[in-house]
There are 2 protein chains.
Amino acid sequence: MGAMENKDQSLLTRTAVIEMILSGTWVQDHLSEALKPYKLSIAQFNVLRILRGQKGKPASLACVNDKMIHKMSNTTRLVDKLLKKGLVDRIICPNNRRMIELTITSEGLELLKELDVVIDKTEEQLMSNLTPNEVNALVELLQKLKE
Amino acid sequence: MGAMENKDQSLLTRTAVIEMILSGTWVQDHLSEALKPYKLSIAQFNVLRILRGQKGKPASLACVNDKMIHKMSNTTRLVDKLLKKGLVDRIICPNNRRMIELTITSEGLELLKELDVVIDKTEEQLMSNLTPNEVNALVELLQKLKE
DNA sequence: CGATAACATTTGTCTATACAACTAATGTAT
DNA sequence: ATACATTAGTTGTATAGACAAATGTTATCG
C-alpha cells in the first residue's frame with residue numbers, strides 16, 4: 001500500500017466523520033425548528049414519546065433516561081418543565097419511595113397527536129433526497145458503524 | 001401502495017433520523033473524549049484547524065464562522081479562550097478597523113501537530129467497523145441527503 | 001439491630017449556547 | 001458633508017447541559 005492510498009483513505013475517513021457531525025446537527029436543527037411553535041425541545045419531545053410508548057405503565061426517571069437519544073445528566077429538570085406545562089405527571093412510587101413514577105397526561109397525548117403529523121412530515125422531507133433503498137442502506141451503514 | 005408499505009416506509013425514515021442523531025453525537029463524544037487531555041473543545045480545535053488552513057493568511061471572525069462545523073452565535077468568546085491559552089493572535093485589521101485578523105500562533109501549530117496524531121487515530125477507530133467502500137458509500141449517501 | 005453500602009433522584013455550580021441588543025466603523029445617497 | 005443604512009464584532013441575558021456532591025430510601029451484612 002503506497003503513501004498516496006493512505007492519504008486518500010485518511011481523507012475519506014475524515015470526510016466521513018465531518019459528514020456525520022454535519023448530518024446529525026442538520027437533522028436536529030430541522031426537527032427543533034419544527035418543534036419551535038410548540039415550545040418543545042427535541043429532548044422534551046422524546047420524553048413525551050417515551051412515556052406514550054409505556055402505554056399507561058409509569059416510568060422511572062432512570063428508565064426514561066435509558067431510552068433517551070441524548071443521555072443527559074439532568075433529566076429531573078427536563079421533566080420539571082414538562083410538569084409545569086401539564087404534559088406529564090410525577091408521583092412518588094409507593095413501593096419504592098426512592099423512585100418516581102412518570103406518566104404522560106391527556107394534554108400530553110393530545111399534543112403528541114398534533115406533533116406526530118408535523119414530525120412525520122419533517123422527517124419525510126429530511127429524507128426526500130434519498131430513495132427508500134438508499135435510506136435503508138444508510139441505516140444499515142450507520143448501525144454497522146456503531147456496532 | 002398499501003397502508004402496510006406506508007407504515008414500513010415511515011418507520012424506516014424515523015429510524016434513519018434517529019440513527020443520524022445518534023451517530024452524530026457518537027462521533028462527537030469520541031472526539032471530545034480524545035481532546036479532553038488537551039483541554040480543547042471540538043469547536044476550539046476546529047477553529048485552530050481553520051486558522052492553520054489559512055497558511056499564514058489571517059482570517060476574520062466571520063470567515064472562521066463560515067467554515068465552522070457548528071455555526072455558533074458566539075465565536076468571539078470562543079476565540080477569547082484560545083487567546084488566553086496563547087494559541088491564536090488577534091489584531092484589528094488596519095484596512096478595515098471593523099474587522100479583526102486572527103492567526104494561529106506557533107504554540108497553536110505545535111499543539112495541532114500533536115493533536116493530528118490523536119485525532120487521526122480516533123477517526124480511524126471510529127470508522128473501523130466499515131470497509132473503505134462502505135465508508136465511501138456512507139459519505140455519498142450523507143452528502144446526497146443534504147444536497 | 002445498627003452500621004454501611006447501594007440506589008434513585010435532586011441540587012449546586014460552572015460552562016456552553018442561543019438570541020437579541022449594542023457599539024463602532026464604513027459605505028452610500030442626497 | 002450629513003444623515004442613514006450596512007457591516008463586523010462584542011456584550012448582556014436567559015436557558016440548557018456537564019459534572020459532582022448531597023439527600024433520602026432501601027438493601028445487606030455482621
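Every chain is numbered from 1, with letters handed out A, B, ... down the list of sequences.
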### Message
Please confirm whether the shortest side-chain N or O distance from B/Arg97 to OP1 or OP2 of C/dA25 is below 4.0 Å.
### Response
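True: B/Arg97 side-chain N/O within range (under 4.0 Å) of C/dA25 OP1/OP2.
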### Presence of B/Lys81 side-chain N/O under 4.0 Å of C/dA16 phosphate oxygens OP1/OP2
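Yes, B/Lys81 has a side-chain N/O under 4.0 Å of OP1/OP2 on C/dA16.
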### Query
Between B/Lys121 and B/Glu124, is the closest basic N to carboxylate O distance under 4.0 Å?
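Salt bridge flag = no for B/Lys121 with B/Glu124.
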### Message
Looking at B/Asp66 and B/Lys71, is any side-chain nitrogen of the basic one under 4.0 Å from a carboxylate oxygen of the acidic one?
### Response
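No, B/Lys71 and B/Asp66 are not salt-bridged.
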### Query
Across the strands shown, which category fits B/Lys39 at heavy-atom distances under 4.0 angstrom: base, sugar-phosphate, nothing?
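Here B/Lys39 touches no strand at all.
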### Message
Under 4.0 Å, heavy atoms only, any strand: does B/Leu78 hit a base, just the sugar-phosphate, or nothing?
### Response
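It contacts nothing in the nucleic acid.
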### Message
Which is more 5' along DNA chain C, the nucleotide nearest A/Asn96 or the one nearest A/Asp80? Just name the residue.
### Response
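Checking each residue's closest nucleotide, the 5'-ward one belongs to A/Asn96.
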### Query
Hey, which of these two, A/Lys36 or A/Arg77, hits DNA chain C nearer its 5' end, going by closest nucleotide?
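Of the two residues, A/Arg77 wins.
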### Query
Do B/Ile21 and B/Leu31 belong to the same hydrophobic cluster, where Ile, Leu, Val, Met, Phe, Trp and Tyr are linked whenever their side-chain heavy atoms lie under 4.5 Å apart, directly or via other members?
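Result: yes, single cluster for both.
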Under 3.5 Å, which donor-acceptor pairs link side chains of residues 83-94 of chain B to any protein atom two or more places apart or in another chain?
{"residue": "B/Lys85", "atom": "NZ", "partner": "B/Lys39", "partner atom": "O", "Å": "2.7"}
{"residue": "B/Lys85", "atom": "NZ", "partner": "B/Gln44", "partner atom": "OE1", "Å": "3.2"}
{"residue": "B/Arg90", "atom": "NH1", "partner": "B/Asp80", "partner atom": "OD1", "Å": "3.4"}
{"residue": "B/Arg90", "atom": "NH2", "partner": "B/Asp80", "partner atom": "OD1", "Å": "2.7"}

Short side-chain to backbone donor-acceptor contact, [X] and [Y], under 3.5 Å:
{"X": "B/Glu134", "Y": "B/Thr131", "result": "yes"}
{"X": "A/Asn129", "Y": "B/Glu147", "result": "yes"}
{"X": "A/Ser23", "Y": "A/Met20", "result": "no"}
{"X": "A/Asn136", "Y": "A/Pro132", "result": "no"}

### Task
Strictly below 4.0 Å, heavy-atom distances to any atom of DNA chain C: list the hits from residues 46-60 of chain B, or just say none.
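Output list: empty, so none.
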Take the protein atom [atom1] of [X] and the nucleotide atom [atom2] of [N], then report the distance between them rounded to whole Å.
{"X": "B/Ile42", "N": "D/dA18", "atom1": "CD1", "atom2": "P", "result": "12 Å"}
{"X": "A/Ile91", "N": "C/dT9", "atom1": "CD1", "atom2": "C1'", "result": "15 Å"}
{"X": "A/Leu40", "N": "D/dA16", "atom1": "CG", "atom2": "P", "result": "11 Å"}
{"X": "A/Asn65", "N": "D/dC19", "atom1": "CG", "atom2": "P", "result": "13 Å"}
{"X": "A/Leu61", "N": "C/dT9", "atom1": "CG", "atom2": "C1'", "result": "6 Å"}
{"X": "B/Asp66", "N": "D/dT7", "atom1": "CG", "atom2": "P", "result": "14 Å"}
{"X": "A/Lys84", "N": "D/dT15", "atom1": "NZ", "atom2": "C1'", "result": "12 Å"}
{"X": "B/Leu35", "N": "C/dT15", "atom1": "CG", "atom2": "P", "result": "19 Å"}

As a test of reading the structure: which of [options] is closest to the side chain of [X], going by heavy atoms?
{"X": "A/Arg90", "options": "D/dT7, C/dT10, D/dG24", "value": "C/dT10"}
{"X": "B/Met99", "options": "D/dC19, D/dA8, D/dT11", "value": "D/dA8"}
{"X": "B/Asn74", "options": "D/dG17, D/dG9, C/dT17", "value": "C/dT17"}
{"X": "A/Arg98", "options": "D/dG12, C/dA6, D/dT11", "value": "C/dA6"}

